[in-house]
Amino acid sequence: VTSFSVVIRLAGAIVIFFGLDGLCFRTGYYRSLLEPESTAGYLANTLTLDQQRPTNGPNEIVAVGDSRIALKPRVANAAGTPYRFFTIAVPGTSPRCWYYMLREDDPTANRYAAIVIPVDTYDDRILEDLRTREVDIHYLTPLLRVGDLFEFAGSYPAWTTRAEAAEAVLFKGLFYRRDLQEFLVNHKRRLTILRDVNHRASGWRHDAVWGSASLAGMTVDWEKRVMQPERKQVAEILFQDQPPPNPEFAEYRRMWFGRIIQRYRGSRTRLIFVRLARGPVVRQGLTTDRTSSVREFARRGEIVLLDEHYFDSLERPELFVDALHMNEQGATEFSEMLAREVTRVLGGERR
Amino acid sequence: MFHTTGFFTFLAAVLAMFYLSPRSWRRVILLAASYFFYMSWNAKFVVLLLVLTATDYIAALWMARVPAGGRRKTWLIVGLCANLGFLGFFKYFNFLAGNVAMLLGRPADAYTLSIILPMGISFHTFQSISYLIDVYRGTQPAIRNPIDYALYIAFFPQLVAGPIVRARDFFANLYAWKAPQPKEQLRGMVLVVFGLAKKLVVADQFAQLADGYFRDPVRHPGSLAAWGGAIAFSLQIFFDFSGYTDMAIGAAQLFGFHFPGNFRRPYLAETITEFWRRWHISLSTWLRDYLYIPLGGNRHGRAATYRNLMLTMALGGLWHGASWNFVVWGGYHGALLSGERALGIGRRKGWQVARVALTFALVTIGWVFFRAASFTQSEYVIGQMFAAPGARVPWPRWQLWAAVILLILAVLEERRNWFERLVESPAWLSAAALGLLLFCIEILAYSGPAVPFVYFQF
């Protein structure tokens, strides 16, 4: 054994390790076996179903987003517009996830007539620091490639999270191992669930019936910060002070929306930003900023902003199940309104 | 600690500093790294390590200066009292206080103190004691360079949980230090990876089964579940401790230090006597050389031999932890060793598989005392081991297969010595094996919260 052969053995071992890791986890095979209710499995399954569905011609519109976008594709498609609506929205995801999801779902950046991107506000105001969201790593592990190493890991401000993100990019097996071991123990159950889920239609979760509960009858005294009937979880969100403009959030949006814009620059796909209905009731006198990251994009003609107040009519207690999410009736009304407005913006004709 | 990214970063940094620095600095670098390693657990306790190191160092120097006799013995006693005093206080004070309180009819915690057990104290204390006794006996010269002696006590690969290295072995390595040959470097690296795999892939997985059973044995009545839980712990403790030891020996080898093996497939032993020649070898030989033989060994008739065996093993058990469970575990092994000696079992041949199985079963029964939360729980579990079968073994099928594969690997290693062959095998084969091993660690390591090494608590 010489020094050279030690180096060769170590290099060989590393190559074989990455070869096995790539063979098992980068070919897409294991992605199809992920537990469909896990974060990564839910997202991967959503994208797989959308990629496998038959094409409907050039007039397809897809929505990304989190649990707040109440788009029911079946309702939107029944609104009599020339467009076919789809959604790949996944609860808990953020703009960072949407970039990688769109890259996976639309590899040629030419599949859709438009992409609907929902936001809570056109202003750069937020309480949460989206840059630090570790859950994004868990959602995105199946979609990350070696080339994403620096971009993705570097998008986290803390070095510990960067290291975790780098691990997800480089060592897929590390992130899949809990799922894999669970599969080894209960593979029959998993395969049965997967057989069921993989035969569903794209967007089936969104087309299913949404919650029927509502906040109808709710009244709010903004001065006393009291709501009737009392709902603690709703009140906690409702009575939050409006957050101040957040430069980090603006930078985050510029980065991830900017990447989406960059990807679709020169493509036929229009990027349509939608400010969602803010909640079951909205406090009067909220400040609106003249400039913000998305307004800058719109000013440069890179995106389309739907009228900021277009969905204000949906801000009614009877359309919400809680402070953030719409119910079945709300989702139905939202889907119809969105279909009509997007069609109007796109010109209403088949392209 | 040894199975964290932080440790591997530390190891790589120390290796780089060690080999990139002039040779005269290397001992200082190793010592500084070892203290840094110790202080990363609890910085305050480094004072204890320094005090013990200084005491032993001075006591040994004085012993070397004076002729054999009373004054030499005085310095030996001073050194032993310091070491055993600290060990006794930190490890056994609360045990004694609890027992005294019980005898006086007071609550068990009436006299106890809030004491943190310093990391590795049982191991470095035994190293110190063997050094002092060897110097006293004149079989080991007193070390004059305090840095060398401090390094012997604090050398980070074996500081926390051994192996317990004799002074003559350590200083032979240190004073005749040679840069490791490529084959030794490779062996060191493979040992580290191999040890990591033992710990993360095997020990931690079986730990879940053992914990699942011992958390509440009453919920899993019957002999199948009891044996399932106890065997899971047998596998956990072996792969945990031998995995750690492989990593310690491998890491030391990367620095050019050769430590003797601490395990030799103990679960393939045909008798309990053979088991103790294969299990935690550095401890069993220490107990033999510094306790059993000084007590008289087998030189004073049968009764004295059995007494010495019982005493040595009971104290060996107590060394593991301050509880009656460990004393009983030690006494149980002492009784088995005495019984084997009385019946002449070690001299008989034949029925090899049955003898191995019986020895493994007896060892596994002993582990129940080791693992159980209390003596009452030990009694219950052992009772269940001989009860009706009851519920089925709560082992997932893939772990049953893993146990079978491990058994086959152990038998092959016993007969064919495949590990050493693998190190010397053609480059493509050892690269493939190492790559596969790394991949197994990646996907099969336990994915829950880190499980501490079992022997770190001792």
Side-chain angles (χ1 to χ4, degrees), chain A residues 1-26 29-31 33-35 38-40 137-138 141 159-190, chain B residues 4-6 8-9 19 179-190 192-194 197 200-201 204-205 208-209 212 253-254 394-402 420-449:
Chain A
V1 180
T2 61
S3 295
F4 179 70
S5 88
V6 171
V7 174
I8 290 290
R9 281 163 211 248
L10 290 180
I14 291 167
V15 168
I16 287 167
F17 167 76
F18 278 108
L20 288 169
D21 183 81
L23 200 65
C24 294
F25 303 120
R26 289 181 196 274
Y29 175 68
Y30 192 76
R31 196 179 113 172
L33 294 176
L34 285 168
E35 164 63 48
S38 67
T39 45
I137 301 172
H138 296 273
T141 300
W159 279 101
T160 47
T161 330
R162 284 179 182 175
E164 199 186 330
E167 269 185 9
V169 175
L170 294 174
F171 308 107
K172 295 275 184 206
L174 275 184
F175 269 80
Y176 285 141
R177 72 177 173 200
R178 187 190 291 263
D179 187 271
L180 176 73
Q181 289 171 21
E182 216 274 324
F183 179 66
L184 284 175
V185 176
N186 293 315
H187 55 278
K188 281 184 187 165
R189 181 193 143 273
R190 173 83 62 89
Chain B
T4 58
T5 316
F8 285 101
T9 311
Y19 284 108
Q181 295 297 305
K183 185 187 155 189
E184 292 165 341
Q185 290 172 342
L186 180 66
R187 193 173 181 279
M189 281 185 272
V190 175
V192 170
V193 177
F194 201 64
L200 297 179
V201 178
D204 290 357
Q205 292 287 3
Q208 306 315 307
L209 297 179
Q253 198 154 30
L254 292 174
W395 281 33
R397 193 170 291 168
W398 77 279
Q399 274 171 307
L400 275 173
W401 281 110
E420 292 301 332
R421 286 179 181 215
L422 188 68
V423 174
E424 291 176 17
S425 63
W428 68 267
L429 184 60
S430 58
L434 200 55
L436 186 62
L437 196 60
L438 287 170
F439 185 61
C440 284
I441 294 173
E442 187 193 30
I443 61 169
L444 295 178
Y446 173 59
S447 56

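Naming: A, B, ... by sequence-line order, numbering from 1 per chain. Just so it is clear, the values below take in all heavy atoms, side chains as well, and ignore hydrogens, waters and symmetry mates.
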- Crowded around A:R178 CZ? As in, over 12 foreign heavy atoms under 6.0 Å? no
- Message: Report which part of A:T2 has an atom under 4.5 Å of a heavy atom belonging to chain B: side chain, backbone, both, or neither.
- Response: backbone
- Message: Given heavy-atom pairs under 4.5 angstrom as the criterion, report whether the side chain, backbone, both or neither of A:F175 touches chain B.
- Response: neither
- Task: Identify the two heavy atoms, one from A:V185 and one from B:W398, that lie closest to each other, and give their separation to 0.1 Å.
- Result: CG2-NE1, 3.3 Å
- Query: Looking at B:A445 and A:Q181, what are the two nearest heavy atoms and their distance?
  - Reply: O-NE2, 2.7 Å
- Query: Non-hydrogen atoms of chain A under 4.5 Å away: do they reach the side chain of B:V193, the backbone, both or neither?
  - Reply: neither
- Shortest non-hydrogen contact between A:A168 and A:T141, atoms and distance: CB-OG1, 3.8 Å
- Message: Between B:L436 and chain A, with a heavy-atom cut-off of 4.5 Å, which part of the residue counts as in contact: side chain, backbone, both or neither?
- Response: both
- Message: Side chains of A:N186 and A:E182: any donor to acceptor distance under 3.5 Å?
- Response: yes
- Who among B:G435, B:S447, B:G448 has the most heavy-atom pairs with chain A under 4.5 Å? B:S447
- Item | Among the listed options B:L444, B:I443, B:V190, the residue most often paired with chain A at heavy-atom distances under 4.5 Å | B:I443
- Between A:R190 and A:D179, is any pair of side-chain heavy atoms under 4.5 Å apart? yes
- The side chain to side chain contact (heavy atoms under 4.5 Å, CB included) partner of A:R9 among B:P182, B:S430, B:P426 is B:S430
- Message: Is B:Q181 close to chain A through its backbone or its side chain, or both, or neither, when contacts mean heavy atoms under 4.5 Å?
- Response: neither
- Okay, A:L20 and chain B: the region with an atom under 4.5 Å from a heavy atom over there is both
- Select one option (side chain, backbone, both, neither) describing which atoms of A:Y176 are under 4.5 Å from chain B's heavy atoms. neither
